[in-house]
Amino acid sequence: MTHPNYVIDEMISAKAIAARIEDLARDIRSEFADTNKLVVVGLLRGSFVFIADLVRELDLPVEVDFLEASSYGDGMESTREVRILKDLRGRIEGRDVLIVEDIVDTGHTLAHVTKFLWSRKPARMKTIALLDKPARREVDLKADWIGFEIPDEFVVGYGIDFAQRNRNLGFIGKVRFLDEA
Ligand code: IMP
Ligand code: MG
């Protein structure tokens with residue numbers, strides 16, 4: 001798409017994100033203060049920027065792993081049927097686990113992933129999402145930590161894409177479509 005028919009309006013600045021991550025990291029550090037290893041699991045691909053910033057604020061023995069679940073394809077609607085496309089490399093049995101998600105929207109992805117990982121019997125497992133869109137929820141679920149609650153808008157940036165674009169923006173912006181004319 002050479003001429004996208006949308007513009008991006010800033011919603012959360014890079015500075016606000018950084019400040020919020022410091023607060024979240026403090027809470028996570030105290031929750032897992034006694035851990036001998038925390039496996040931080042990023043859900044690909046949207047969480048890659050968030051997890052990079054978050055783990056650098058965590059003064060804990062941390063291991064990083066990734067999991068990829070299918071959801072959106074290239075569209076703007078969740079498919080609801082979640083599949084695991086790429087599994088973890090490491091074992092989590094008896095370990096402390098933190099699942100890192102970019103956005104909780106309908107909730108299907110996080111619900112499926114937590115159920116999938118609980119079956120491996122981690123000692124403790126918590127979830128964190130940078131963004132939460134409670135208005136869109138279809139599954140009764142809330143992440144243990146949330147960066148920002150946002151309205152029902154389609155957002156991009158800071159790792160989050162629209163049809164694979166705009167992941168490289170430093171801020172979170174909302175997509176605003178221009179008239180077709
Ligand atoms: P859920 O299963 O409906 O909760 O979908 C969660 C996934 O949908 C997130 O991990 C995102 O990858 C994607 N998603 C949800 N809302 C947006 C958005 O506003 N922009 C881009 N991707 C989104
Ligand atoms: Mg995602």
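Order of listing sets the numbers, starting from 1, for every ligand and every atom in it.
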Next item on the list: Work out whether the distance between some heavy atom of K133 and some atom of ligand 1 is less than 4.0 Å.
Entry: yes
Note to self: Using only atom types and a distance under 3.5 Å, with no angle test, would you say the side chain of T35 pairs donor to acceptor with the backbone of F32?
What the structure shows: no
Next item on the list: Could you establish whether R137 and ligand 1 come within less than 4.0 Å of each other, counting only heavy atoms on the residue side?
Entry: no
Item checked: Trace of the salt bridge (charged side-chain N to carboxylate O under 4.0 Å, His left out) decision for R124 with D96 -> CA-CA 5 Å; R124 261 186 297 189; D96 291 328; 3.0 Å; yes
Check: Taking non-hydrogen atoms only, is R136 closer than 4.0 angstrom to ligand 1 via side chain, backbone, both or neither?
Finding: neither
Check: Can you name the closest pair of heavy atoms from K86 and L44 and give their distance?
Finding: CD-CD1, 4.0 Å
Margin query: Do D53 and Y158 pair up side chain to side chain, a donor and an acceptor below 3.5 Å, judged on atom types alone?
Written below: yes
Check: Under 4.0 Å from ligand 1, counting heavy atoms only, is it the side chain of D102, its backbone, both or neither?
Finding: side chain
Notebook entry, point to check: Is D161 near ligand 1, meaning one of its heavy atoms is under 4.0 Å from it?
Noted result: yes
Next item on the list: Under 4.0 Å, heavy atoms only, figure out whether ligand 1 is touched by the backbone of V156, its side chain, both or neither.
Entry: neither
Checklist line | Per atom 2 (O) of ligand 1, closest listed option by heavy atom (N166, T109, D132) | finding: T109
Next item on the list: May I ask you to list the atoms of ligand 1 that are less than 4.0 angstrom from any heavy atom of I103?
Entry: 6 (C), 9 (C), 10 (O), 16 (N), 17 (C), 18 (C), 19 (O), 20 (N), 23 (C)
Next item on the list: Provide the number and element of each atom of ligand 1 under 4.0 Å from a heavy atom of H108.
Entry: 2 (O), 4 (O)
Item checked: Criterion salt bridge (charged side-chain N to carboxylate O under 4.0 Å, His left out) against E153, the qualifying member of K133, R136, K174, R176 -> K174
Notebook entry, point to check: Judging by distance only, is a nitrogen or oxygen of V155 under 3.5 angstrom from one on ligand 1?
Noted result: yes
Checklist line | Proximity of E153 to ligand 1 by residue part, where a heavy atom lies under 4.0 Å | finding: backbone
Checklist line | Member of D144, V40, V104, I28 meeting the side chain to side chain contact (heavy atoms under 4.5 Å, CB included) criterion with I128 | finding: I28
Item checked: Qualifying residues under side-chain contact (heavy atoms from CB on, under 4.5 Å), relative to F171, sequence neighbours excluded -> I8, E10, L169
Check: Counting both backbone and side chain atoms, is some N or O of G107 under 3.5 Å from an N or O of ligand 1?
Finding: yes
Item checked: Aromatic ring proximity, centroids under 6.0 angstrom, F162 and Y6 -> yes
Please list, one pair per line, the donor and acceptor atoms closer than 3.5 Å that link side chains of residues 11-22 to other protein atoms, with sequence neighbours excluded.
unit_1	atom_1	unit_2	atom_2	d
S13	OG	A16	N	3.0
R20	NE	G147	O	2.7
R20	NH2	I146	O	2.8

Item checked: Atom indices of ligand 1 within 4.0 angstrom of I160 heavy atoms, with elements -> 20 (N), 21 (C), 22 (N)
